Amino acid sequence: MTSTPAPIRHNWTVAEAQTLLQLPFNDLIFQAQQAHRAHFDPNEVQVSTLLSIKTGACPEDCKYCPQSGHYNTGLEKEKLLAVQQVLAEAQRAKASGATRFCMGAAWKNPPAKDMPYLIEMIKGVRALGLESCMTLGMLSAEQAYELAEAGLDYYNHNLDTSPEFYGNIITTRTYADRLDTLAHVRAAGMNVCSGGIVGLGESARDRAAMLVQLANMPAHPESVPINMLVKVAGTPLAEADDVDGIDFVRTIAAAKIMMPASNIRLSAGREQMSDELQALAFLAGANSIFLGDKLLTTANPGVNRDRELFARLGINRQHNWDDDTFSPQRCPVKAFYDREQHNEQYYDAMAGSN
Ligand code: SAM
Ligand code: DTB
Ligand code: SF4
C-alpha cells in the first residue's frame, strides 16, 4: 500500500464513468494503478478454480450462454454431480494453487431437493481449507441464509450489462430479479461477487452504466468479474463483433477506479487473449483469475501457461518461485539467477549487504 486511499464512493454518475472510459489510456491506467496500490499488493493475484456442478438445459435464455436450453450448442447435459466427485475436483484445484473453489449450476434457482447436497459441498470445500463460492441462479432470502449458514464465503450473480441494454440479452429474468438476489446474498452476510460481460454488442455508455450499478450499491461487491464474451457456436451471439482489447482494459481500469477496494477478476475470455493483453489488464488493476483448463463449459488457459505468465510478470512470486514448473525454459529470469549464483564474478545485490 503505497498511496493514500481516496474515499470509497457510492454516488457515481453514468457521465462520470463515461468520462473515465474516455480518458487518454495512459492517464486512465495510471489512475487505476494508483487506486489499486492504495488497497492491494500490486504483484498479488487471487486464484479461483471453477467447476460446473450441473451443466446445460437451463431454462433461462441468456443470449451469450452455451448452457441455455433455448439454443442448440451441442453441449452434453449433466445432472447435479455427486458430492464426492465435486470434492475430488476441489482437492485437485487446491493442488494446482487455487485458494477458492467456485461451483456453478445452470439453474433458474436451486431446487429445494438439492439444497442438502449443496450444503455438503460447501462444508467439504471449506474442510479442505479452500474458500467456497457458488453461482446457482436466483436465490430467495431463505436460500441465501441456508447457504451462508453452511459457510458459503462468496455468491456469484452477475448484472451482466446495463439496465437499458439488458432486455436485448435476457428476457426470462429481470434486472430487478438480479438486484433482489444480490440484496439477499448481502443480507445473509456472504461476500458478493458480481460483474458483467464486455462484447455483447453494448455501447460504451452501457459499460459505464453497468459499472455505476455495481459501484452505487450500498456496499461494493467484494469481487467484480469482468468477462470478455466467449463466442459459442449455436448461441445468438456466436457471430458478435470482436471486442477491442484496449476497450476491454479500459473497462477493467474504470471498475478499479470506481470500486478500488474490490477484487476485479479478469474472468472469461483469457484463452483468446495474448499474454500482453492480460498483462495490461493486471496493470489496470485486475487482481484475480480463474485457474484451470476449463471455465464452466469453455476453454481457459492451462495451469502451465498461467504459471509461466505469472513468472514472467513476477506475480505471486513468493507462492510459486520454488515450484518445479518454473523450468529454465519457462522462466528465463530464474534460469539466469540459478546459473549466475555459481559464477564467482556474480554479485547478488538481493542477497544482503556483505
Ligand atoms: N446460471 C447461473 C447464473 O446465470 O446466475 C450461474 C452460471 S452463469 C454461467 C455465470 C455467468 O457467466 C453469467 O452471468 C455470465 O456473466 C458468464 N458467462 C456465461 N456465458 C458466458 C460467455 N459465453 N462468455 C462470457 N461470460 C459468460
Ligand atoms: C463469471 O463471471 N464468469 C464465470 C463465473 N462467473 C461463474 C463463468 C464464465 C463462463 C464462461 C462460459 C462457460 O465456460 O460456460
Ligand atoms: Fe442459465 Fe446462467 Fe447460462 Fe443464463 S448464464 S442461461 S442463467 S446458466
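Basis for what follows: all heavy atoms, side chains included, without hydrogens, waters or symmetry-related copies. What you see is a predicted model, and the numbers here were worked out from it, not measured in a lab. One-based numbering, in listed order, for ligands and for the atoms of each.
At a 4.0 Å cut-off, at least one heavy atom of Met228 sits close enough to ligand 1 to count as contact. Put simply, no part of His70 is less than 4.0 Å from ligand 3, judged by heavy atoms. Heavy atoms of Gly104 come nearer than 4.0 angstrom to ligand 1 in no pair at all. Residue contact check for ligand 1: Cys58 places no non-hydrogen atom closer than 4.0 Å to it.
In terms of protein heavy-atom proximity, atom 8 (S) of ligand 1 is closest to Leu296 CD1, 4.5 Å. Scanning all protein heavy atoms for the shortest distance to atom 10 (C) of ligand 1 gives Asn156 OD1, 4.1 Å. Shortest contact from atom 4 (O) of ligand 1 to any protein heavy atom: Arg173 NH1, 3.5 Å. With hydrogens left out, the protein atom closest to atom 1 (N) of ligand 1 is Ala105 O, 3.3 Å, a heavy atom. When hydrogens are left out, the protein atom nearest atom 27 (C) of ligand 1 is Ile197 CD1, 3.8 Å; that is the closest non-hydrogen contact. Of all protein heavy atoms, the one lying nearest to atom 12 (O) of ligand 1 is Asn158 ND2, 4.3 Å. When only non-hydrogen protein atoms are considered, atom 5 (O) of ligand 1 lies nearest to His157 ND1, 3.4 Å.
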Note down each nitrogen or oxygen pair, ligand 2 side and protein side, whose separation is under 3.5 Å; give only atom names and the distance to 0.1 Å.
unit_1, atom_1, unit_2, atom_2, d
ligand 2, 2 (O), Asn158, ND2, 2.8
ligand 2, 2 (O), Asn227, ND2, 2.9
ligand 2, 3 (N), Asn227, OD1, 2.9
ligand 2, 3 (N), Ser267, OG, 3.3
ligand 2, 6 (N), Asn156, OD1, 3.3
ligand 2, 14 (O), Leu296, N, 3.1
ligand 2, 14 (O), Thr297, N, 2.9
ligand 2, 14 (O), Thr298, N, 2.9
ligand 2, 14 (O), Thr298, OG1, 2.8
ligand 2, 15 (O), Thr297, N, 3.2
ligand 2, 15 (O), Thr297, OG1, 2.7

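Of the heavy atoms in Asp160, only side-chain atoms (C-beta onward) come closer than 4.0 Å to ligand 1. Residue contacts with ligand 1 for Leu237 are absent, since no atom lies close enough (heavy atoms, distance under 4.0 Å). Heavy atoms of Asn227 found under 4.0 angstrom from ligand 1 belong exclusively to the side chain.
Between Leu214 atom CG and Ile226 atom CD1 the span is 7.0 Å, to the nearest 0.5 Å. Here the OG-CD distance, from Ser162 to Gln213, works out to 8.5 Å after rounding to the nearest 0.5 Å. Distance CG/Leu139 to CE/Met134: 10.5 Å, rounded to 0.5 Å. In this structure, Cys62 SG and Tyr166 OH are separated by 6.5 Å, a value rounded to the nearest 0.5 Å. With rounding to the nearest 0.5 angstrom, the CD atom of Gln46 is 12.5 Å from the CD1 atom of Ile264. The structure places OG1 of Thr55 at 12.5 Å from NZ of Lys79, a figure rounded to the nearest 0.5 Å.
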For Glu120 and Lys123, what are the C-alpha separation, side-chain angles and deciding distance, and is it a salt bridge (charged side-chain N to carboxylate O under 4.0 Å, His left out)?
CA-CA 5 Å; Glu120 272 187 69; Lys123 291 188 170 160; over 6 Å; no
Audit row: Leu23, Phe30, side chain to side chain contact (heavy atoms under 4.5 Å, CB included) steps and yes/no:
CA-CA 11 Å; Leu23 280 175; Phe30 183 68; over 6 Å; no
Would Asp247 and Val198 count as a side chain to side chain contact (heavy atoms under 4.5 Å, CB included) here? Give the steps.
CA-CA 9 Å; Asp247 285 345; Val198 177; over 6 Å; no
For the pair Asp306 and Arg270, evaluate salt bridge (charged side-chain N to carboxylate O under 4.0 Å, His left out) and give the outcome as yes or no after the intermediate values.
CA-CA 10 Å; Asp306 280 337; Arg270 290 195 306 115; 2.8 Å; yes
Using side-chain hydrogen bond (donor to acceptor under 3.5 Å, both in side chains), reason through Tyr64 and Asn227 one step at a time and then give a plain yes or no.
CA-CA 11 Å; Tyr64 50 76; Asn227 297 277; over 6 Å; no
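Taking a cutoff of 4.0 Å between a charged side-chain nitrogen and a carboxylate oxygen, Arg9 and Glu16 qualify as a salt bridge. Contact check on Arg305 versus Glu308 returns no salt bridge, with no Lys/Arg side-chain nitrogen under 4.0 Å from an Asp/Glu carboxylate oxygen. Salt bridge status for Asp153 with Arg126: present, with a side-chain N to carboxylate O gap under 4.0 Å.
The Thr135 neighbourhood of ligand 1 comprises atoms 2 (C), 5 (O), 6 (C), 7 (C), with distances under 4.0 Å to a heavy atom of that residue. The ligand atoms of ligand 3 that sit less than 4.0 angstrom from a heavy atom of Tyr64 are 5 (S). Taking a cut-off of under 4.0 Å to the non-hydrogen atoms of Leu229, the atoms of ligand 1 that pass are 24 (N), 25 (C). Those atoms of ligand 1 with a heavy atom of Val230 less than 4.0 angstrom away are 22 (C), 23 (N), 24 (N), 25 (C).
Checking atom 1 (Fe) of ligand 3 against the protein gives a heavy-atom contact under 4.0 Å.
Inspection of the Asp61 and Thr171 side chains reveals an N or O donor paired with an N or O acceptor under 3.5 Å.
Annotation: side chain of Leu80 is in contact with side chain of Met121 (closest heavy-atom distance under 4.5 Å).
For Asp242, the side chain to side chain donor-acceptor pair (under 3.5 Å) test picks out Lys231, with sequence neighbours left out. With sequence neighbours left out, the side chain to side chain donor-acceptor pair (under 3.5 Å) criterion links Glu131 to Arg100.
Nearest to atom 2 (C) of ligand 1 by heavy atom, out of Gly195, Gly137, Ala238, is Gly137.
Because its NZ or CZ atom is both nearer than 6.0 Å to the ring centre of Phe290 and within 45° of the ring axis, Arg265 counts as a cation-pi partner of that residue.
Checking side-chain atoms of Asn168 against main-chain N and O of Phe165 turns up a donor-acceptor pair under 3.5 Å.
Close N/O approach between Tyr64 and ligand 1 is found [any backbone or side-chain N/O within under 3.5 Å].
Listed by chain and residue number, the protein N/O/S atoms under 2.8 Å of atom 1 (Fe) of ligand 3 are Cys58 SG, with waters left out.
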